[in-house]
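Since this is a predicted model, take the numbers as computed values, not measurements. What's counted below: heavy atoms across the whole structure, side chains too, no hydrogens, waters or symmetry copies.
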Amino acid sequence: MFVKSAIVAASMLFAVASNPAHAALITFEDLSNGDVVTNQYPGVVFSSVAGQANVIITQPGIGFGDDFLCTAGGTEDNCTSETILTFTSLVNNLSFWQGGDNATGIVALVDVFTNGVFAATVNIFGFNNFFTPDLVDLSGFANVSAIRIHSITDPGGLGWDNFSFDDRNVPAVPLPGAFGLLAATLGGLGLLRRKSKA
């Protein structure tokens with residue numbers, strides 16, 4: 001009975017250890033200026049309203065690298081249109097960064113949807129510090145299914161960068177010790193069983 005319980009416990013530990021929530025980080029540095037962002041990243045689809053697109057703007061010094069996300073219509077890079085992220089499964093610990101603000105106070109809003117239902121609208125603040133990104137922390141919301149960034153009032157528009165979230169369904173590399181732990185546990189149980197028969 002002890003051996004059977006130990007095997008079940010070891011199997012459960014392995015299942016949890018080998019499938020942790022994966023922390024996804026989208027920096028846009030793998031794309032090029034003018035690329036349209038849709039479904040290039042596992043676990044999330046980027047979209048906007050009709051006639052608008054999420055495009056990559058390459059401009060060093062804004063955000064954390066050379067590239068950031070701008071949502072605009074046509075060839076205009078005014079970065080004032082809605083940005084919508086729809087997650088393919090529910091995510092936690094969501095955050096992203098706002099960059100390029102030319103105003104203070106509330107410069108945009110973000111609607112948060114949890115479990116497919118509207119949960120709240122969160123203010124996005126600017127500090128009139130164009131080159132310093134500001135964190136938009138949505139980690140207080142669990143099971144986020146989508147967000148909608150809208151109502152941008154900053155006169156020069158805003159860029160978005162470094163979207164981060166935890167998602168169990170985004171592929172992750174198993175923990176290095178997980179396989180070893182399972183093998184050692186099962187090997188030890190085999191020895192224990194042999195000794196108990198002797």
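By the 4.5 Å heavy-atom criterion applied to side chains, Ser95 and Ser164 are counted as neighbours. Side-chain contact between Leu69 and Thr83 is present, with heavy atoms from C-beta onward closer than 4.5 Å. Taking the side chain as every heavy atom from C-beta outward, Glu82 and Gln52 never approach each other to under 4.5 Å. Using a 4.5 Å heavy-atom cutoff, the side chains of Thr86 and Ile84 are in contact. Proximity of Ile149 to Trp160: side-chain heavy atoms (C-beta onward) are separated by under 4.5 Å at one or more points. By the 4.5 Å heavy-atom criterion applied to side chains, Ile147 and Leu138 are counted as neighbours.
Thr104 contributes no side-chain N or O that, together with a main-chain N or O of Phe127, makes up a donor-acceptor pair within less than 3.5 Å. Counting only distance, with no hydrogens or angles, the side chain of Asn54 and the backbone of Ser47 share a donor-acceptor pair below 3.5 Å. Of the possible polar contacts, none joining the Asp154 side chain to the Asp101 backbone as a donor-acceptor pair under 3.5 Å is found.
For the pair Gly99 and Ile62, the tightest heavy-atom approach, listed with the atom from each and the gap, is C-CG2, 4.2 Å. Taking each heavy atom of Leu90 and Ser145 in turn, the nearest pair found is CD2-CB, 3.7 Å. Here the shortest heavy-atom pairing between Gly100 and Gln98 reads N-OE1, 4.0 Å. Of all non-hydrogen atoms in Ile124 and Phe96, the two that sit nearest each other are CD1-CZ, 4.2 Å. The shortest heavy-atom contact between Ile56 and Ser32 is CB-O, 3.4 Å. Closest of all the heavy-atom pairs between Ile152 and Ala108 is CG1-CB, 3.8 Å.
Under 3.5 Å, the side chains of Asp166 and Asn93 contain a donor-acceptor pair of N or O atoms. Residues Asn162 and Thr27 have side chains that never bring a donor and an acceptor to within less than 3.5 angstrom of each other. In this model, a donor atom of one side chain and an acceptor atom of the other lie less than 3.5 Å apart for His150 and Asp111. In the model, Thr71 has no side-chain atom that pairs as donor or acceptor with a side-chain atom of Ser81 under 3.5 Å. Remark: the Asp167 side chain and the Ser89 side chain contain an N/O donor-acceptor pair separated by less than 3.5 Å.
You'll find the ring centres of Phe64 and Trp97 inside the 6.0 Å limit. Between Phe28 and Phe68, the distance from one ring center to the other does not fall under 6.0 angstrom.
Here Cys70 contributes atom SG and Leu158 contributes atom CG; the two are 9.5 Å apart, rounded to the nearest 0.5 Å. Distance CZ/Phe87 to CG/Asn143: 12.0 Å, rounded to 0.5 Å. Between atom CG of residue Asp67 and atom OG1 of residue Thr58 there is a gap of 3.5 Å, rounded to the nearest 0.5 Å. Going from atom CD1 of Ile57 over to atom CG of Leu31 covers 12.0 Å, rounded to the nearest 0.5 Å.
In the hydrophobic clustering of this structure, Val112 groups with Val91; members are Ile, Leu, Val, Met, Phe, Trp, Tyr whose side-chain heavy atoms approach within less than 4.5 Å, directly or through other members. Linking Ile, Leu, Val, Met, Phe, Trp and Tyr residues whenever their side-chain heavy atoms come within less than 4.5 Å leaves Leu109 and Phe163 in two separate clusters. In the hydrophobic clustering of ILVMFWY residues, with side-chain heavy atoms under 4.5 Å counting as a link, Val45 and Ile26 come out apart. Both Tyr41 and Leu85 belong to a common hydrophobic cluster when Ile, Leu, Val, Met, Phe, Trp and Tyr are linked at side-chain heavy-atom distances under 4.5 angstrom. Under a hydrophobic-cluster definition in which Ile, Leu, Val, Met, Phe, Trp and Tyr are linked whenever side-chain heavy atoms come within less than 4.5 Å, directly or via other members, Val107 and Phe125 are assigned to different clusters.
Using cut-offs of 30° and 60° on the angle between ring planes, the pair Phe113 and Phe118 is perpendicular.
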